[in-house]
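Quick one: the structure is below, questions incoming.
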Amino acid sequence: MDMKVSKKLGLKERYNRMTRDLNWTPSYQSLKDIYPYLEYEGIKIHDWDKFEDPFRMTMDAYWKYQGEKERKLYAILDAFAQNNGHLGVTDARYINTLKLFLTGVSPLEYMSHKGFAILGRQFQGAGPRVACQMQSLDEIRHAQTQIHAMSNYNKYYNGFQDWQHMHHRVWYLSVPKSFFEDAVTSGPFEYILSISFAFEYVLTNLLFVPFISGAAYNGDMGAMAFGFSAQSDESRHMTLGLEVIKFVLEQDPDNLPIVQKWIDKWFWRGYRVLTLVAMMMDYMLPKRVMSWKEAWEIYAEENGGALFRDLARYGVKVPLGWEQACKEKDHLSHMAWNVFYNYGAAAPFHTWAPSEEDMKWLSAKYPDSFDKYYRPLWEHYAKEQKEGRRFYNKTLPMLCQVCQVPMHFVEPDDPTKIAYRESDYKGMKYHFCSDGCKHIFDNEPEKFKQSWLPVHQIYQGNCFPEDVDPTKPDFDPLMEVLRYYKMEFGRDNLDYADSQDKKNFDTWRAQATTN
Amino acid sequence: MPNVFIALQRNEETRPIIDAILMDNPGAQLDEQPAMVKINVPGRLVVRKSTIEQEIGRDFDLQELHVNLITLTGNIDESDDEFVLSWIH
């Protein structure tokens, strides 16, 4: 008898076999009981089979390519560690970007993993369920590889020791933490729109691409390896975000106003989180690839602009706050680094005033703003520091109720004036850094009135270690807050110029070039 | 027409892929950055399996792109033979 050889399946056929053909229609339980979260946000889906992942990645292919990525990544990490990579970076100032990254971003990967695991169970369509399951696995991989990559630095540099503890306590870390807590406490459609579309499609190129290229430029092959490996998954996540938004809008015209509200909210929330990235690119990288402003023009204005022009056919408008974000590109990084310079005693990484050479670069990249508004400030700080009066702000800043960033942002049309907005709700006054954040609060006051704001909590006495005694004559609230953060004063914080990190790095460098 | 783009890590595996993309997209602009390249094309970018195979001298599965892909933009249409990014409808 002749053996019948069947032709190898094509990509589309294989994808269908491995996703929706593995799905079945339940008969013992109602769909509502199986997928209880699908209706309460008001999104109407009529035919889940219309969703198709254009990447058509199936689980078997996923394991194969992820395995290959992991082998490449760990080969680079091993080579980096074996070759004393921690010494090969341009300058130990650079390491402070990793301290921010580990405490600020890596815990978000883990939260994202949890969020997508929920979606991988809760979406009724097999296509998005499989894509979310892959994304959930990707995110836990990112958390793991980032922690592995940075453990090498933890052996040599200060400030990495208690990042998980710090994530839940340190003041500025409430900014990224609250972003993800807001997302994972949303319904499934809002969650995927907030993360896969607003954050990943519209905004992560600004985080992972120029910054990680910058890490490579500064000799950090560890960060390059985990960053590009993570971003290679990101292209699948971005595709998921874009396909979900198109799918939801095509399913029912009633979905448009709900989706638009989420685009407005999550663009603004994500953009505010990226404030940290702006200062990493402009002030914290010793060798810079491009300015925040240039990155914004390429990835937000050009690329995001094209995206929103494409989505206009569904009636989607450019997010509220877009115009303001474009105006802020001349100011964002300078304002942010100024805040960290002010509060350099309360952050577990080092800060510094830019050198004359750094300022020359900033003047060239920001001809409309740096010399006029920010150079005098840095020159003033540098002079004070030279005379032994390095400025550390000892009062605590007002925080925005929504984004939780200290209220340092200026009016979009007047960079000499701090922007200040407020709302009254049930007899209480709430404060905001921008129209965007006020708008978000006014739409969901019951959610955002619950924000855990570090400054409020410190003033209420909720950020001291358990053994603290405020009646002791030498009680110093700032020192006790740092103890609560598990930061060691004088080692993990203060100016880079006087740091143990700098001293060690200079010694190691001298040893590397002599016998 | 606004650009679509694809960004790839710059290494030995991507060299023939980058060459193939440049060959198949006459309007393509190569933007070289530390450790990566970004290829911008107005409106539509195609990655063609056959051209990569010709450059690389072996069979190539388009999904191998995932190993060195950093980021991209545009609406995706992927088949066994072509991977297309576009803002054109």
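Side chains are part of it too, since the values below use all heavy atoms of this structure and drop only hydrogens, waters and symmetry mates.
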| request: Identify which part of A:Leu307 has an atom lying under 4.5 Å from any heavy atom of chain B, answering side chain, backbone, both or neither. | output: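 Backbone plus side chain of A:Leu307, per the 4.5 Å heavy-atom cut-off to chain B.
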| message | Any heavy-atom pair between the side chains of A:Gln231 and A:Ile212 that's under 4.5 Å? | response |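 Contact flag for A:Ile212/A:Gln231 side chains = no.
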| said: Between A:Tyr271 and A:Trp266 (judged by ring centroids, cut-off 6.0 Å), do the two rings come close enough to count as a pair? | reply: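 Ring centres of A:Trp266 and A:Tyr271 not closer than 6.0 Å.
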| Who in residues 50-62 of chain A is close to chain B, using a strict under-4.5 Å heavy-atom cut-off? |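 Within residues 50-62 of chain A, the residues that come under 4.5 Å of chain B (heavy atoms only) are A:Pro54, A:Phe55, A:Arg56, A:Met57, A:Ala61.
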| Which one of A:Ala230, A:Ser235, A:Ser229, A:Gly214 has the most heavy-atom pairs closer than 4.5 Å to chain B? |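 Result: the option with the highest number of such pairs is A:Ser235.
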| field | Between CD1 on residue A:Ile192 and CZ on residue A:Phe247, distance to nearest 0.5 Å | value |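 Taking CD1 in A:Ile192 and CZ in A:Phe247, the distance rounds to 10.5 Å.
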| request: Find out whether A:Phe116 and A:Leu137 are in side-chain contact, i.e. whether some heavy atom of one side chain is under 4.5 Å from a heavy atom of the other. | output: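 Side-chain contact under 4.5 Å: no.
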| Under 4.5 Å from a heavy atom of chain A, the part of B:Asn68 involved |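 B:Asn68 touches chain A through side-chain heavy atoms alone.
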| Closest approach of A:Phe199 to A:Gly270 (non-hydrogen atoms, all atoms of both residues) |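 Shortest heavy-atom contact: CD1-CA, 4.1 Å.
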| said: In the structure I gave you, are the side-chain heavy atoms of A:Phe80 and A:Asp220 within less than 4.5 Å of one another anywhere? | reply: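 Counting from C-beta outward, A:Phe80 and A:Asp220 do come under 4.5 Å.
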| Contacts with chain B made by residues 284-294 of chain A (heavy-atom distance under 4.5 Å), listed by residue number |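 Against chain B, the residues of residues 284-294 of chain A that fall inside the cut-off (heavy atoms, under 4.5 Å) are A:Val289, A:Met290.
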| request: State whether A:Tyr299 and B:Lys38 meet the cation-pi test: NZ (Lys) or CZ (Arg) under 6.0 Å from the six-membered ring centroid, and within 45° of the perpendicular axis. | output: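 Yes, B:Lys38 lies over the aromatic ring of A:Tyr299.
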| request: Check step by step if side chain to side chain contact (heavy atoms under 4.5 Å, CB included) holds for B:Val4 and B:Arg44. | output: CA-CA 6 Å; B:Val4 287; B:Arg44 183 176 186 274; 5.5 Å; no
| field | Contacts of residues 8-32 of chain B with chain A (heavy atom under 4.5 Å) | value |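 The list, in residue order, reads B:Gln9, B:Asn11, B:Glu13.
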| Lys/Arg-Asp/Glu bridge criterion (N-O < 4.0 Å) met for B:Glu64, A:Lys69 |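 Looking at A:Lys69 together with B:Glu64, the answer is no, because their closest N to O distance does not fall below 4.0 Å.
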| task | Quick one: pull up CZ in A:Phe197 and CG in A:Leu311 and give me the separation to the nearest 0.5 Å. | result |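 The CG atom of A:Leu311 is 5.0 Å from CZ of A:Phe197, to the nearest 0.5 Å.
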| task | Give me the ring orientation class for A:Trp322 and A:Phe308: parallel if the planes are under 30° apart, tilted from 30 to 60°, perpendicular past 60°. | result |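 Perpendicular: the ring planes of A:Trp322 and A:Phe308 meet at over 60°.
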| For the candidates B:Thr73, B:Leu72, B:Ile70, B:Asp80, which exhibits the highest count of non-hydrogen atom pairs separated by less than 4.5 Å from chain A? |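 Top option by heavy-atom pairs under 4.5 Å: B:Ile70.
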| query | What residue in A:Pro210, A:Gly305, A:Ser232 has the most heavy-atom pairs under 4.5 Å with chain B? | reply |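 Of A:Pro210, A:Gly305, A:Ser232, A:Ser232 has the most heavy-atom pairs under 4.5 Å with chain B.
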| Of all of A:Tyr201, A:Tyr15, A:Tyr65, which one pairs up most often with chain B through heavy atoms under 4.5 Å apart? |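 Highest number of pairs under 4.5 Å: A:Tyr65.
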| said: Determine whether B:Glu82 and B:Val47 satisfy the following criterion, side chain to side chain contact (heavy atoms under 4.5 Å, CB included), listing intermediate values before the conclusion. | reply: CA-CA 6 Å; B:Glu82 284 187 347; B:Val47 184; over 6 Å; no
| query | What part of A:Leu73 gets closer than 4.5 Å to chain B, counting heavy atoms only: side chain, backbone, both or neither? | reply |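 Nothing of A:Leu73, per the 4.5 Å heavy-atom cut-off to chain B.
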| request: Would you give the length of the straight line joining atom CG of B:Asn75 to atom CG of B:Leu85, rounded to the nearest 0.5 angstrom? | output: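 Output value for this atom pair is 9.0 Å.
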| Side chain, backbone, both or neither of B:Ala7 within contact of chain A (heavy atoms, under 4.5 Å) |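 Neither part.
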| Given that the side chain runs from C-beta out, which part of A:Gln66 has a heavy atom under 4.5 Å from chain B: side chain, backbone, both or neither? |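 Interface part for A:Gln66: neither.
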| Do A:Tyr74 and A:Phe226 have ring centres separated by under 6.0 Å? |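 They do not qualify: ring centres at least 6.0 Å apart.
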| Applying salt bridge (Lys or Arg N to Asp or Glu O under 4.0 Å), which residue pairs with at least one partner in residues 10-19 of chain A are found, sequence neighbours left out? |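 Every pair satisfying salt bridge (Lys or Arg N to Asp or Glu O under 4.0 Å) with a residue in residues 10-19 of chain A: A:Arg17-A:Asp21.
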| said: Quick check for you: among A:Arg309, A:Lys72, A:Glu234, A:Lys64, which has the greatest number of heavy-atom pairs under 4.5 Å with chain B? | reply: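 Of the options given, most contacts go to A:Lys72.
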| request: Working to the nearest 0.5 Å, report the span between CZ of A:Arg141 and OG of A:Ser136. | output: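 Rounded to the nearest 0.5 Å, the CZ-OG separation comes out at 13.0 Å.
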| query | Step by step, would you call B:Glu78 with B:Val84 a side chain to side chain contact (heavy atoms under 4.5 Å, CB included)? | reply | CA-CA 6 Å; B:Glu78 187 185 22; B:Val84 178; over 6 Å; no
| Quick one: CG on A:Asn303 to CG on B:Asn3, what's the gap to the nearest 0.5 Å? |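 Here the rounded value is 9.0 Å.
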